[in-house]
Amino acid sequence: MITIGALNLGNGPRIAVPFRDGTRQEDIRRARELGMHLAELRIDLYSATDTSHVLGEVEKFAGVPTLATIRSSQEGGKWDKSDAERLALFEAVIPHVDAVDIEISSQEIRDDVIATARNAGKTIIASFHDFKGTPPLHVIQAMADEGWKNRATAVKVATRCEDWNDLRTLAEFTLHNVSLGVVSIGMGPTGTVSRILFPALGSLFTFASFGEGTAPGQLTLEETAGYLRGLYPVTS
């Protein structure tokens with residue numbers, strides 16, 4: 001079974017919530033009360049990315065399963081500094097979080113991030129994002145295979161869905177790879193349904209907003225938790 005910290009994945013739908021910096025302790029408590037299982041720390045969206053500031057923000061989430069993301073600008077993030085600086089920040093953060101997300105396309109630092117996380121016993125999410133559309137299945141599969149080949153714990157694929165065929169492509173990819181560890185998300189209005197239904201296909205977790213969202217089609221935490229409680233049996 002894949003885990004992130006003390007959180008078991010695969011026993012039922014899990015909700016990840018992205019956080020910027022400046023989060024208050026009461027907000028974290030409230031998010032957990034509403035149904036958050038995993039906190040994604042969107043470090044690329046922080047107002048400052050010096051190590052002391054970032055680690056101070058990470059400390060706020062003590063006792064909460066955490067996923068550190070420093071998303072590249074090429075895949076929808078806001079990181080505008082060098083790859084060397086991003087790698088150094090990953091290396092500083094990894095000892096203090098439970099998991100990391102690194103883009104499969106970030107070949108300059110990907111292998112080093114994966115090696116550092118693996119040596120630290122952390123869960124590794126290798127990710128691929130396409131905010132313009134959903135590529136053909138064979139393209140998505142080839143990208144995901146590269147993530148698993150490089151010893152990622154799981155692969156995350158997030159693409160914009162313009163129609164039901166795009167959604168079916170993501171569903172087919174999810175079902176075909178469920179045994180390997182996969183997170184699949186459709187972005188945009190058509191993709192919204194994937195955030196609720198794809199856990200039933202084996203997607204390890206979904207994303208919901210608590211405050212400002214980070215992707216098109218993202219539902220709020222309250223909406224997501226409400227749908228999941230209504231559609232899924234009680235899980236551990």
Side-chain angles (χ1 to χ4, degrees), residues 2-5 9 16 18-19 38-46 49-51 54-55 57-58 65-160 170 173-174 176-185 187 203-205 207 214-215:
I2 295 174
T3 63
I4 295 181
L9 302 176
F19 287 92
L38 173 65
E40 182 191 33
L41 311 183
R42 281 298 302 269
I43 296 169
D44 58 297
L45 301 179
Y46 283 12
T49 54
D50 57 278
T51 301
V54 171
L55 293 183
E57 292 295 313
V58 172
T66 47
L67 168 66
T69 298
I70 312 176
R71 180 72 66 231
S72 71
S73 58
Q74 288 76 20
E75 294 205 19
K78 297 297 183 182
W79 183 259
D80 57 3
K81 300 181 176 67
S82 70
D83 284 326
E85 290 172 289
R86 186 158 70 120
L87 175 59
L89 190 52
F90 264 122
E91 291 174 338
V93 168
I94 282 171
H96 306 279
V97 298
D98 299 306
V100 293
D101 177 314
I102 181 67
E103 304 87 10
I104 297 166
S105 65
S106 291
Q107 296 183 14
E108 296 83 359
I109 67 169
R110 179 194 64 204
D111 294 352
D112 288 333
V113 171
I114 290 175
T116 301
R118 181 167 292 280
N119 289 337
K122 309 297 182 175
T123 302
I124 303 154
I125 308 295
S127 60
F128 167 68
H129 308 79
D130 191 329
F131 286 82
K132 295 180 180 180
T134 298
L137 179 60
H138 74 274
V139 173
I140 298 174
Q141 187 66 57
M143 183 66 74
D145 287 343
E146 187 173 351
W148 285 306
K149 181 182 70 176
N150 285 280
R151 302 182 70 194
T153 313
V155 166
K156 172 193 169 190
V157 171
T159 67
R160 182 174 181 85
L170 276 183
F173 166 77
T174 306
H176 182 70
N177 294 284
V178 64
S179 65
L180 298 175
V182 64
V183 178
S184 299
I185 298 165
M187 297 185 288
S203 183
L204 294 173
F205 54 88
F207 286 83
T214 57

Checklist line | Interatomic spacing from CD1 in Ile114 to CD1 in Ile125 - rounded to 0.5 Å | finding: 10.5 Å

Note to self: Once side chain to side chain donor-acceptor pair (under 3.5 Å) is applied, do any residues pair with Lys81, and if so which ones, sequence neighbours excluded?
What the structure shows: Thr49

Margin query: Among residues at least two apart in sequence or on other chains, which ones pass side chain to side chain donor-acceptor pair (under 3.5 Å) with Asp111?
Written below: none

Check: Taking all non-hydrogen atoms of both residues, which atom of Gly181 and which atom of Trp148 are closest, and how far apart?
Finding: O-CZ2, 3.3 Å

Next item on the list: Carefully, step by step, assess Asp80 and Lys78 under the rule salt bridge (Lys or Arg N to Asp or Glu O under 4.0 Å).
Entry: CA-CA 6 Å; Asp80 57 3; Lys78 297 297 183 182; over 6 Å; no

Next item on the list: Please report the shortest heavy-atom distance between Gly147 and Ala126, naming the atom on each side.
Entry: CA-CB, 4.0 Å

Check: Do Leu89 and Val54 pass the side chain to side chain contact (heavy atoms under 4.5 Å, CB included) test, and can you show the C-alpha distance, the side-chain angles, and the key distance before you say yes or no?
Finding: CA-CA 9 Å; Leu89 190 52; Val54 171; 4.1 Å; yes

Checklist line | Pairwise distance CZ(Phe207) to CD1(Ile185) - rounded to 0.5 angstrom | finding: 5.0 Å

Pairs under 3.5 angstrom only: tabulate donor-acceptor contacts from the side chains of residues 90-100 to other protein residues two or more places apart or in another chain.
unit_1	atom_1	unit_2	atom_2	d
Asp98	OD2	Thr66	N	3.0
Asp98	OD2	Thr66	OG1	3.4

Margin query: If you compare all heavy atoms of Arg42 against all heavy atoms of Gly76, which two are closest, and at what distance to 0.1 Å?
Written below: NH2-O, 4.4 Å

Item checked: Shortest non-hydrogen contact between Ile140 and Leu170, atoms and distance -> CD1-CD2, 4.4 Å

Notebook entry, point to check: Of all heavy-atom pairs between Ile104 and Arg110, which one has the smallest distance, and what is that distance?
Noted result: O-NH1, 2.7 Å

Atom pairs and distances, side-chain donor-acceptor, residues 127-135, under 3.5 Å, sequence neighbours left out:
unit_1	atom_1	unit_2	atom_2	d
Ser127	OG	Arg71	NH1	3.4
Ser127	OG	Asp101	OD1	2.7
His129	ND1	Glu75	OE1	2.9
His129	NE2	Arg71	NH2	3.3
His129	NE2	Lys156	NZ	3.2
Asp130	OD1	Lys132	N	2.9
Asp130	OD1	Gly133	N	3.2
Thr134	OG1	Thr159	OG1	2.8
Thr134	OG1	Arg160	O	2.7

Item checked: Atom pair OG1/CD1 of Thr153 and Ile4 - distance to nearest 0.5 Å -> 8.5 Å

Note to self: Just to verify, what does Asp145 make a side chain to side chain donor-acceptor pair (under 3.5 Å) with, not counting sequence neighbours?
What the structure shows: Gln141

Next item on the list: Please determine which of Leu204, Val157, Thr174, Leu9 meets the side-chain contact (heavy atoms from CB on, under 4.5 Å) test together with Val183.
Entry: Leu204

Next item on the list: For Ser82, enumerate each residue passing the side chain to side chain contact (heavy atoms under 4.5 Å, CB included) test, keeping only those at least two apart in sequence or located in another chain.
Entry: Ala84, Glu85

Margin query: What verdict does the side chain to side chain contact (heavy atoms under 4.5 Å, CB included) test give for Arg118 and Ile124, after you've listed the backbone C-alpha separation in whole Å, the side-chain angles of each residue and the deciding distance to 0.1 Å?
Written below: CA-CA 7 Å; Arg118 181 167 292 280; Ile124 303 154; 4.0 Å; yes

Checklist line | Heavy-atom closest contact (Ile43 atom, Ile70 atom, distance) | finding: CB-CG1, 3.9 Å

Checklist line | Arg86 side-chain N/O to Trp79 backbone N/O, donor-acceptor pair under 3.5 Å | finding: no

Next item on the list: Look up atom CD1 in Ile102 and atom CD in Gln107, then write down how far apart they are to the nearest 0.5 Å.
Entry: 11.0 Å

